[in-house]
Amino acid sequence: MQYISTRDAGARFTASQAITRGLAADGGLLTPYYIPKLPNKALDDLKDMSYQHRAVYVMKQFLEEFSVKELTDFAAAAYGPAKFDTPAVAPVRTVDGNTHCLELWHGPTCAFKDMALQMLPHLLTASLTKTEEFKTVCILVATSGDTGKGALEGFRDVPKTRILVFYPKDGVSQVQELQMVTQEGGNVGVVSVVGNFDDAQTGVKRLFSDEDLRAELERRGFFFSSANSINWGRVLPQIVYYVSAYCDLLRDEKIQPGQTINVCVPTGNFGNILAAYYAREMGVPIGRLICASNSNNVLTDFIRTGVYDRNRTFYNTMSPSMDILISSNLERLLLSLTQDVDEVKGYMEQLNATGRYEVREKVREKLQKLFWGYCCDDKETQRVIGEMYKTHDYLIDPHTAVAFSALEQYRKETGDETPCVVASTASPFKFCGSVLGALGETEVASGLDALDQLSEKTGLPAPAPLAGLRSKTVRFNTTVEKDHMVDAVLSMLE
Ligand SMILES: *Cc1c(COP(=O)(O)O)cnc(C)c1O
């Protein structure tokens with residue numbers, strides 16, 4: 001399996017090179033040259049296996065130079081009982097006859113980022129050995145909340161790694177911020193940036209392409225890589241859970257072999273839904289991919305019109321992990337739809353220069369065959385949380401609620417009642433304030449007391465990693481202007 005940049009098919013990379021680099025030198029995303037097909041009987045074979053075995057099987061298709069033994073060890077460590085609070089790892093909960101919720105938040109940071117970020121450090125450190133890279137890798141992360149904590153937890157005290165996380169000062173929830181600033185580990189750093197997520201992400205991209213900084217780091221014995229979902233090592237472990245969800249539905253006889261399902265994903269950077277698309281490309285019978293956005297609905301418009309236009313108001317919503325106007329991973333989908341690196345490069349140049357591009361009609365048609373886009377605002381998000389709780393006794397977080405709203409809109413518009421898997425991306429306890437509000441509470445306790453309030457209200461226990469924040473000490477409190485992120489890097493890597 002070879003990997004290419006989404007902007008240049010000339011140079012070929014191995015999987016371990018792709019994972020080590022994170023981003024191609026031309027700014028493109030390193031992406032498999034083709035998506036392998038699962039053998040005919042694979043889903044049937046996989047349905048009786050554990051999540052860990054499914055992960056090994058799916059990832060092996062993309063990782064030639066990794067042995068099954070290696071991947072088995074990685075999966076055991078990443079998805080074992082020390083990390084996940086359920087042996088199913090990513091359980092599917094049936095909400096009603098044809099609506100199934102794929103719960104991706106049973107890991108150590110209670111958000112779906114754990115699914116990939118518990119695996120990435122294993123893939124990355126093994127890749128460093130395979131590529132004979134002896135410098136220390138410095139992972140830079142821009143986060144809208146959940147990636148930062150997931151990456152810190154995944155990489156803490158991993159030898160030969162440092163990790164530095166930038167988050168937007170006023171763009172994450174209280175619990176999310178506490179999770180990050182109390183992070184333990186000798187190789188970690190956390191800095192807030194004045195601005196929104198796009199400012200932090202653009203700043204990190206700028207650090208990556210800063211040649212002087214690169215040279216300075218090299219002198220100090222470091223090099224940069226990324227744990228953002230632009231890294232192939234992030235996207236790959238996410239394909240697994242879509243395969244796994246299909247297998248669970250088969251195993252539990254909720255669907256017949258070969259039966260088509262739809263998938264609905266609350267989307268920000270387009271990593272999660274891209275993984276669903278790749279699962280489809282591999283041969284999982286997925287019909288439509290429903291892309292759910294909050295008020296930052298740049299993707300809804302793109303899917304409907306073929307015009308990507310980030311020149312619009314940015315909203316801070318109650319689903320902050322989706323407050324994104326530049327969805328980096330869309331670039332990989334564009335490559336798949338166009339099969340033309342020069343075309344992708346052209347779109348990305350336009351995006352950089354003007355904040356906007358329009359895809360060719362042929363590309364738009366392909367896009368619209370598979371993807372349906374819907375969005376909803378905070379008011380609707382709260383309505384859905386309340387409604388789900390009342391009708392199905394099921395407590396969901398605001399991101400997941402955006403997806404349920406999208407599914408409702410999709411079904412209303414199309415009448416399509418195909419079984420649908422909705423990706424549930426965070427524990428509701430990460431967003432206590434918004435969730436309590438949605439359940440009708442007018443007075444919400446501040447900080448961690450809101451965890452108890454939500455527990456009392458619903459009778460559900462707060463996940464242990466969140467309840468445990470109370471006894472943690474704040475270790476980080478640096479804030480920088482977006483133009484001074486470089487200083488934070490240099491002081492961390494002294
Ligand atoms: C990151 C995140 C998303 C968005 O996922 P993308 O892969 O960026 O599209 C949605 N919900 C939650 C809770 C997240 O943490």
Side-chain angles (χ1 to χ4, degrees), residues 29 101-117 120 141-154 165 167-168 171-173 175-176 179-180 197-198 200-201 226-232 234-239 241-242 263-279 289-294 296-300 302-303 317-333 371 373 375-376 381 385 396-406 422-431 434-435 463 466:
L29 310 192
C101 198
L102 170 60
E103 293 182 347
L104 301 172
W105 40 263
H106 289 275
T109 77
C110 309
F112 95 95
K113 303 297 194 291
D114 288 328
M115 302 304 302
L117 284 166
L120 179 66
V141 180
T143 183
S144 55
D146 294 326
T147 301
K149 178 62 184 179
L152 288 162
E153 200 53 47
V165 168
Y167 70 91
V172 301
S173 82
V175 170
Q176 285 178 318
Q179 279 186 298
M180 289 189 277
F197 170 69
D198 286 317
Q201 173 158 269
S226 164
N228 275 108
S229 58
I230 50 178
N231 191 315
W232 177 248
R234 276 283 301 278
V235 178
L236 176 57
Q238 297 182 357
I239 301 175
Y241 51 72
Y242 290 105
V263 167
C264 180
V265 185
T267 298
N269 224 359
F270 210 78
N272 199 358
I273 195 167
L274 179 78
Y277 171 78
Y278 284 143
L289 297 143
I290 301 163
C291 176
S293 302
N294 61 26
N296 297 295
N297 56 0
V298 63
L299 287 166
T300 315
F302 175 64
I303 290 167
T317 73
M318 64 173 62
S319 44
S321 300
M322 295 152 67
D323 290 346
I324 291 177
L325 293 179
I326 303 178
S327 298
S328 303
N329 262 303
L330 189 60
E331 186 168 342
R332 288 193 166 107
L333 179 70
F371 287 86
C375 57
C376 78
T381 306
I385 294 172
I396 56 173
D397 96 290
H399 303 78
T400 308
V402 170
F404 275 103
S405 168
V422 178
S424 176
T425 49
S427 159
F429 283 89
K430 279 194 101 160
F431 304 95
S434 309
V435 173
L466 300 183

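All ligand and atom numbering here is 1-based and tracks the order in the structure.
Ordered by chain and residue number, the residues placing a heavy atom less than 4.0 Å from ligand 1 are Phe112, Lys113, Asp146, Pro266, Thr267, Gly268, Asn269, Phe270, Gly271, Asn272, Ser321, Met322, His399, Thr425, Ala426.
Note: Phe112 and Tyr241 have perpendicular aromatic rings, judged against thresholds of 30 and 60 degrees for the angle between ring planes.
Using a 4.5 Å heavy-atom cutoff, the side chains of Leu330 and Phe302 are in contact.
Between the side chains of Arg332 and Asn329, at least one donor N or O lies within less than 3.5 Å of an accepting N or O. Side chain to side chain, Thr317 and Asp323 meet the donor-acceptor criterion of an N or O pair below 3.5 Å.
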Run Ile303 and Cys291 through side chain to side chain contact (heavy atoms under 4.5 Å, CB included) and show every step you take.
CA-CA 9 Å; Ile303 290 167; Cys291 176; 3.6 Å; yes
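Interatomic distance, Gln176 CD to Thr143 OG1, rounded to the nearest 0.5 Å: 7.0 Å.
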